[in-house]
Amino acid sequence: MKRWCIQELVEWKNNPHRKPLLLLGARQVGKTWLAREFGRQYYKNVVYVRFDRDDYVRQSFEKDYDIPRLMDTLQVHSRTQIVPGKTLIILDEIQECPCALTSLKYFCEDVPEHHIIAAGSLLGLSVHTGTGFPVGKVNRLNLFPMSFTEFLDATGFGMYVEPIRKRDWGMLRTFHDKYTELLRQYYFVGGMPAAVQTFVETRNPHAVRRVQEELLGDYRNDFSKHATASETHYITQIWDSVPAQLAREDKRFIHSEVGEKVRAPQLRGPIRWLDDAALVQIVPRVRKPELPLSAYKDGAFKMFFLDVGLLGACCHLPPSVILEGNSIFGQFKGALTEQYVQQQLRAECGISPYYWSAERAQAEVDFLIECDYHVLPVEVKAERNLQAKSLRSFCKRYQYPVALRLSLSHHDINTVHIAHDEHSYTVVDVPLYAVSAVPDEMAAVFPSLPFC
């Protein structure tokens, strides 16, 4: 399997101002595989340390921060001569050794010529953020579950990736039905590498579901490992409530739905814990659609899972839907589609979305994104129904000249005239399977639009 972010690792390798790289992500998203595959392809040799297994090395890091001594330890342990630029040092499961995390500061200052990747689960690293954290002395790369285009490549349909990247709308229209079929598969399988690998090897949806359920069980077991007993109770309740929260038309997270007599202050810490661990994705609400969006958050938010396949497994979506055409879009379709879109925006486009709703939730725009120095409203439709009253209301209220609509319709660009109003706006329709093309498409569209 390929991960597109390996190119970002190549850029890091070639950067003369490179610092030790902290490769972050939820458990089981493929951090170890990516680091080792990168070392195999781009370095003469690799020194690999895993702190949850290599007791001798962990104890050496816990002794002090004498970098020459630690370099000797790594060479003796690996029986490999470490050569700057030719050897990649991988410090895996670094959350198991807080001193190793702190040592990255001294590696950066004392031996910047060495290439070091520290991989760790955010499930553990979130606990250590603060005391001893090497602030300003590391580069970061966040790894997400496999994106839809990575899924296409892994499952033998890599030839379908290039038309998306090139925004070849004619070709995408020709193969629209095939893209839609593959999108349905991704909705079910998701992007967790173990689930994708199982699907590639077996094409058995029941085997995929077993892997997903095992992953969900592993995450549950980890709650108690890294959180207090009281936190674990609330973390589990929040985790279990996500599917029901997303099943509502108004997907805003409601604290009272987590459990009886549960109050918002009790959940703030556990929610932050899940967010820091990247097990959920928070989409904040903004009161005004202005740049920067982060300055206008009002405290409300939507909460999504880290992966669309795990969301389906958590709410027991039957595996049979993968074989039943569009039926998957009729079951839990709104939640799955929004989960998919926000997941692709993060993984493929590097965009952290927000959303907007009117007072008393009379209108809501599914997502707002910062794109090419503009705020772009995004309407998400699970099928081909393009009625978008909330989007129309939003564009009229804020005099917006352009909006993006993601659905199962073909690519199109149309002008919408608002009755009894002088304002009109442009709607750019992009098919759901081409979310990764959104930044380039909007960059091409923006210059021709009459922004105020």
Side-chain angles (χ1 to χ4, degrees), residues 1 3 5-6 9 12-13 19-67 69-83 86-108 111 114-129 132-134 137-145 192-194 197 214-215 217-219 221-222 224-226 277-279:
M1 292 189 289
R3 301 305 301 267
C5 66
I6 203 166
L9 294 178
W12 168 82
K13 177 181 187 295
K19 302 174 184 177
L21 179 70
L22 201 52
L23 183 58
L24 302 172
R27 186 179 173 195
Q28 298 297 328
V29 295
K31 299 181 297 297
T32 298
W33 179 90
L34 177 64
R36 300 193 78 162
E37 180 66 11
F38 173 60
R40 184 188 69 80
Q41 290 188 31
Y42 292 95
Y43 290 85
K44 183 177 180 180
N45 47 47
V46 174
V47 170
Y48 178 78
V49 172
R50 182 166 170 169
F51 284 108
D52 63 339
R53 294 181 180 176
D54 299 328
D55 293 338
Y56 170 74
V57 178
R58 186 179 68 250
Q59 292 168 6
S60 183
F61 272 79
E62 290 172 344
K63 184 177 180 180
D64 58 42
Y65 300 118
D66 184 336
I67 297 302
R69 181 185 63 79
L70 291 174
M71 292 297 294
D72 288 342
T73 298
L74 292 171
Q75 290 188 118
V76 171
H77 174 76
S78 64
R79 300 179 182 179
T80 301
Q81 182 180 4
I82 298 176
V83 181
K86 295 184 178 181
T87 304
L88 176 64
I89 301 171
I90 301 175
L91 307 178
D92 201 4
E93 301 293 347
I94 198 170
Q95 77 279 356
E96 300 297 333
C97 183
C99 291
L101 183 62
T102 303
S103 74
L104 297 180
K105 170 185 176 181
Y106 302 100
F107 278 107
C108 177
V111 287
H114 286 289
H115 296 207
I116 301 171
I117 292 180
S121 167
L122 283 165
L123 202 58
L125 282 174
S126 59
V127 177
H128 301 298
T129 301
F133 194 85
K137 301 299 181 179
V138 292
N139 300 130
R140 294 170 182 252
L141 178 61
N142 290 311
L143 186 63
F144 298 95
M192 300 303 289
Q197 186 65 37
E214 289 171 0
L215 287 169
D218 289 343
Y219 286 138
N221 292 337
D222 281 334
S224 58
K225 179 179 179 181
H226 297 287
L279 293 179

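Aromatic ring orientation, Y65 versus Y106: parallel (interplanar angle below 30°, classes split at 30° and 60°).
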- Query: Would R3 and L143 count as a side chain to side chain contact (heavy atoms under 4.5 Å, CB included) if you check the C-alpha gap in whole Å, the side-chain angles of each, and the deciding distance to 0.1 Å?
  - Reply: CA-CA 9 Å; R3 301 305 301 267; L143 186 63; 3.6 Å; yes
- Apply side chain to side chain contact (heavy atoms under 4.5 Å, CB included) to the pair W12 and H115, showing each step before the final yes or no. CA-CA 9 Å; W12 168 82; H115 296 207; 4.0 Å; yes
- Query: What's the verdict on side chain to side chain contact (heavy atoms under 4.5 Å, CB included) for I94 and L104, showing C-alpha distance, side-chain angles and the deciding distance?
  - Reply: CA-CA 10 Å; I94 198 170; L104 297 180; 4.1 Å; yes
- Item | Derivation of the side chain to side chain contact (heavy atoms under 4.5 Å, CB included) call for T32 and Y48 | CA-CA 10 Å; T32 298; Y48 178 78; 3.6 Å; yes
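Side-chain atoms of K31 come within 3.5 Å of backbone N or O of A26 as a donor-acceptor pair. Not one N or O on the side chain of Y43 forms a donor-acceptor pair closer than 3.5 Å with the backbone of I89. Of the possible donor and acceptor atoms, one in the side chain of R69 sits under 3.5 Å from a partner among the backbone N and O of S60.
T87 OG1 to I116 CD1: the interatomic distance, rounded to the nearest 0.5 Å, is 11.0 Å. Distance SG/C99 to CG/D64: 9.5 Å, rounded to 0.5 Å. With rounding to the nearest 0.5 Å, the separation of OG in S103 from CZ in F61 is 4.5 Å. Summarising the geometry, atom CE belonging to M1 is positioned 10.5 Å from atom CD belonging to E37; distances are rounded to the nearest 0.5 Å. One distance of note links CZ of F38 with CD1 of I90; it measures 9.0 Å at 0.5 Å rounding. Here the straight-line distance linking atom CG of L91 with atom CG of L101 works out to 10.0 Å at 0.5 Å rounding.
Using a 3.5 Å distance cut-off with no hydrogens or angles, the side chains of Y56 and H77 do not pair a donor with an acceptor.
Proximity of F107 to L70: side-chain heavy atoms (C-beta onward) are separated by under 4.5 Å at one or more points. The closest side-chain heavy-atom distance from L141 to I117 is not below 4.5 Å. Q28 places none of its side-chain heavy atoms less than 4.5 Å from the side chain of D218. No side-chain heavy atom of L279 sits under 4.5 Å from any side-chain heavy atom of D222. Contact of the C97 side chain with the E62 side chain is registered, since non-hydrogen atoms from C-beta on lie closer than 4.5 Å.
In terms of heavy atoms, A35 sits closest to L23 at CB-CD2, 4.3 Å. In plain terms, the two heavy atoms of G120 and Q95 that are nearest each other are CA-OE1, 3.3 Å. S78 and V47 get closest at one heavy-atom pair: OG-CG2, 3.5 Å. Residue Y219 comes nearest to M192 through the heavy atom pair OH-CE, 3.3 Å, listed as atom of the first residue, atom of the second, then distance. Residues E93 and D52 come closest through the heavy atom pair CG-OD1, 3.7 Å.
The residue from I82, V83, T80 that alone fulfils the side chain to side chain contact (heavy atoms under 4.5 Å, CB included) condition with N45 is T80.
Environment of CD in Q41: crowded, with over 12 heavy atoms of neighbouring residues, nucleotides or ligands closer than 6.0 Å.
Residues D55 and R58 are paired through a salt bridge, judged by an N-O separation under 4.0 Å between the basic side chain and the carboxylate.
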